[in-house]
Engineer: 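Just passing along the structure, written as structure tokens.
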Amino acid sequence: MKSALLLYNPEAGRGRIGKNLDRIVATFRSCDYLLAPQEIDFERDPFAGITPPELVVVAGGDGTVNYVVNRMKERGLDLQLGIIPAGTANDFAGALGMSHDPLEAARQILEGEETRIDCGRVNDLYFINIFSFGIFTTTSQRTPNERKHRIGKLAYIIEGVKEFRTMHAVPLQVRADGRSFDLNSLMVLVFNGETAGGFHLAPRSSVRDGMFDVVMLEKRNFLSSTLAMGRYLLGGNPRIVHRLRVQNLEIESTINEPTDVDGQPGAQFPLRIECLAGELRIRCPKEGE
């Protein structure tokens, strides 16, 4: 039988994976995979002391997938990955077309195909879906898990509204694929995927195109900035929302603003951000399915 490791977050998705664990293992066994379940421990390397398996299945949200990818890259491993969505938003899994039903997602992994998917890197950290800083962007880190479990994506909105009280500009010196400019920014979103917290903020982005879609909200007065972001969310194109498609970004600032990678604490300034085309081996449904 082929070897597979299931790294799952027992607290994600109201414990859905734990409730379906035996059936997931049986589903993989029926396709000649010996699947070894292991609860994710964010204090240790899941690959320490083991023979790397042929397939790693991650069951959790984007933060769990991010953790596994970073530990894998630290060891120079290029393992085949499968993702069973079990978090609140599951943005990266959504970009791959994965079902939110754990057993259906397991079937998609087994019956799908391996494809190469882009991955981002900021300084020495990898990210699968989004790197960000500024207003709203550390919301996921501060939103209590209990609230996520109870009310889902609405928890992000409630926590994000609180950030209006501390809104401030971050002065940036930006170099984007060789083009340089300065910007006083309220928010910067660097998308590998299409969504953040389940909200479609980069509808033209793709995890397969070797490019980032970048959204930068320029600081004006409170009303102008708020209305501009609202117009953007409704499909408009306000002038103070700057959009870029790039492979590489270098960003400096006089402020060491907190940053975020896939809902986890991110890198410190200065920032070097690269899109690594085809960096990850993922088993997922064929495009168009």
Side-chain angles (χ1 to χ4, degrees), residues 62-63 65-66 69-70 73 81 83 89-97 115-140 170 172-183 185-218 228-229 232-233 235 237-238 240-253 257-282 284 287:
D62 286 349
V65 180
N66 174 289
V69 166
N70 273 276
K73 291 301 180 183
L81 293 173
I83 298 172
N90 304 301
D91 294 297
F92 185 64
L96 299 175
T115 186
R116 284 281 178 177
I117 298 296
D118 303 340
C119 182
R121 181 170 61 197
V122 51
N123 297 354
D124 59 350
L125 293 176
Y126 291 83
F127 62 97
I128 53 169
N129 187 65
I130 185 172
F131 168 76
S132 59
F133 60 88
I135 189 170
F136 300 142
T137 61
T138 56
T139 297
S140 179
V170 181
L172 304 178
Q173 299 83 51
V174 181
R175 186 173 178 84
D177 282 349
R179 182 169 68 93
S180 299
F181 59 92
D182 295 340
L183 184 72
S185 179
L186 282 174
M187 177 176 64
V188 172
L189 308 173
V190 181
F191 283 96
N192 183 44
E194 304 169 10
T195 62
F199 300 98
H200 287 267
L201 301 178
R204 294 184 295 179
S205 182
S206 170
V207 293
R208 296 175 171 88
D209 62 1
M211 302 286 286
F212 290 135
D213 278 52
V214 182
V215 178
M216 296 179 166
L217 174 61
E218 183 179 348
M229 196 61 198
Y232 177 76
L233 291 174
N237 190 29
I240 65 172
V241 176
H242 303 269
R243 299 177 63 183
L244 310 171
R245 279 182 56 78
V246 298
Q247 291 179 311
N248 297 278
L249 276 172
E250 296 177 24
I251 304 178
E252 297 183 11
S253 179
E257 183 76 5
T259 70
D260 182 282
V261 288
D262 299 323
Q264 307 299 312
Q268 294 189 342
F269 284 79
L271 305 168
R272 179 175 175 80
I273 310 164
E274 309 165 79
C275 184
L276 306 175
E279 181 72 10
L280 299 178
R281 297 170 57 203
I282 303 284
C284 60
E287 284 193 81

Engineer: Quick check: do Phe181 and Leu172 have side-chain heavy atoms less than 4.5 Å from each other?
Structural biologist: no

Engineer: For atom CD of Gln268, is the number of surrounding heavy atoms from other residues, nucleotides or ligands below 6.0 Å larger than 12?
Structural biologist: no

Engineer: Show your working on side chain to side chain contact (heavy atoms under 4.5 Å, CB included) between Thr115 and Arg208 and close with a plain yes or no.
Structural biologist: CA-CA 9 Å; Thr115 186; Arg208 296 175 171 88; 4.2 Å; yes

Engineer: Taking the side chain as C-beta and beyond, is there a heavy-atom pair between Asn192 and Ser205 under 4.5 Å?
Structural biologist: no

Engineer: Closer than 4.0 angstrom, basic N to acidic O: yes or no for Arg204 and Glu194?
Structural biologist: no

Engineer: Is the shortest side-chain heavy-atom distance between Val174 and Glu250 below 4.5 Å?
Structural biologist: no

Engineer: Taking all non-hydrogen atoms of both residues into account, name the closest pair between Pro238 and Ala228 and its distance.
Structural biologist: CG-O, 3.2 Å

Engineer: For Phe131 and Asp260, what are the C-alpha separation, side-chain angles and deciding distance, and is it a side chain to side chain contact (heavy atoms under 4.5 Å, CB included)?
Structural biologist: CA-CA 6 Å; Phe131 168 76; Asp260 182 282; over 6 Å; no

Engineer: Enter the distance from Ile130:CD1 to Asp91:CG here, rounded to the nearest 0.5 Å.
Structural biologist: 8.0 Å

Engineer: Assess the pair Phe127 and Phe212: is the distance between their ring centroids shorter than 6.0 Å?
Structural biologist: yes

Engineer: Please check this pair: side chain of Asp213 against backbone of Ala202, looking for a donor-acceptor N/O pair closer than 3.5 Å.
Structural biologist: no

Engineer: Is any side-chain heavy atom of Asp262 less than 4.5 Å from a side-chain heavy atom of Phe92?
Structural biologist: no

Engineer: Are any non-hydrogen side-chain atoms of Thr259 and Phe269 less than 4.5 angstrom apart?
Structural biologist: yes

Engineer: Within the 3.5 Å criterion, strictly below it, is a donor on Asp62 or Asn66 matched to an acceptor on the partner's side chain?
Structural biologist: no

Engineer: So do Val215 and His242 actually touch side chain to side chain, heavy atoms under 4.5 Å?
Structural biologist: no

Engineer: So which atom in Thr195 and which in Asn129 form the shortest heavy-atom distance, rounded to 0.1 Å?
Structural biologist: O-ND2, 2.8 Å

Engineer: Are side-chain heavy atoms of Leu271 and Leu249 found at a separation under 4.5 Å?
Structural biologist: no

Engineer: Can you check whether Glu218 reaches Leu186 side chain to side chain, under 4.5 Å on heavy atoms?
Structural biologist: no

Engineer: Please give me the minimum heavy-atom distance between Leu244 and Ala176, naming the atom from each residue.
Structural biologist: CD1-CB, 4.2 Å

Engineer: Please report the closest heavy-atom contact between Ala93 and Ile83, naming both atoms and the distance.
Structural biologist: CB-CG2, 4.0 Å

Engineer: When rounded to the nearest 0.5 angstrom, what is the spacing between CZ in Phe133 and CG in Leu189?
Structural biologist: 9.5 Å

Engineer: What's the separation between atom NZ in Lys73 and atom CG in Leu125, rounded to the nearest 0.5 Å?
Structural biologist: 14.0 Å

Engineer: With distance as the sole test, does Asp177 use its side chain to make a donor-acceptor pair with the main-chain N or O of Asn248 at under 3.5 Å?
Structural biologist: yes

Engineer: Which heavy atom of Glu279 sits nearest a heavy atom of Arg116, and at what distance?
Structural biologist: O-NH1, 3.4 Å

Engineer: Donor-acceptor pair, distance only, cut-off 3.5 Å: does the side chain of Ser132 make one with the backbone of Val188?
Structural biologist: no

Engineer: Roughly how far, to the nearest 0.5 Å, is the CD1 atom of Ile117 from the CG atom of Leu276?
Structural biologist: 13.5 Å

Engineer: Closer than 3.5 angstrom, by distance alone: can the side chain of Ser185 be matched with the main-chain N or O of Met216 as a donor-acceptor pair?
Structural biologist: no

Engineer: Measure across Gly63 and Gln264 and return the closest heavy-atom pair with its distance rounded to 0.1 Å.
Structural biologist: CA-NE2, 3.5 Å

Engineer: Could you state the interatomic distance from CZ (Arg272) to CG (Asp124), rounded to the nearest 0.5 Å?
Structural biologist: 13.0 Å

Engineer: Let me confirm one number: the CG-CD distance from Asp182 to Gln173, rounded to the nearest 0.5 Å.
Structural biologist: 5.5 Å

Engineer: Side chain to side chain contact (heavy atoms under 4.5 Å, CB included), that's the test. Do Phe191 and Val214 meet it? Break it down for me.
Structural biologist: CA-CA 6 Å; Phe191 283 96; Val214 182; over 6 Å; no

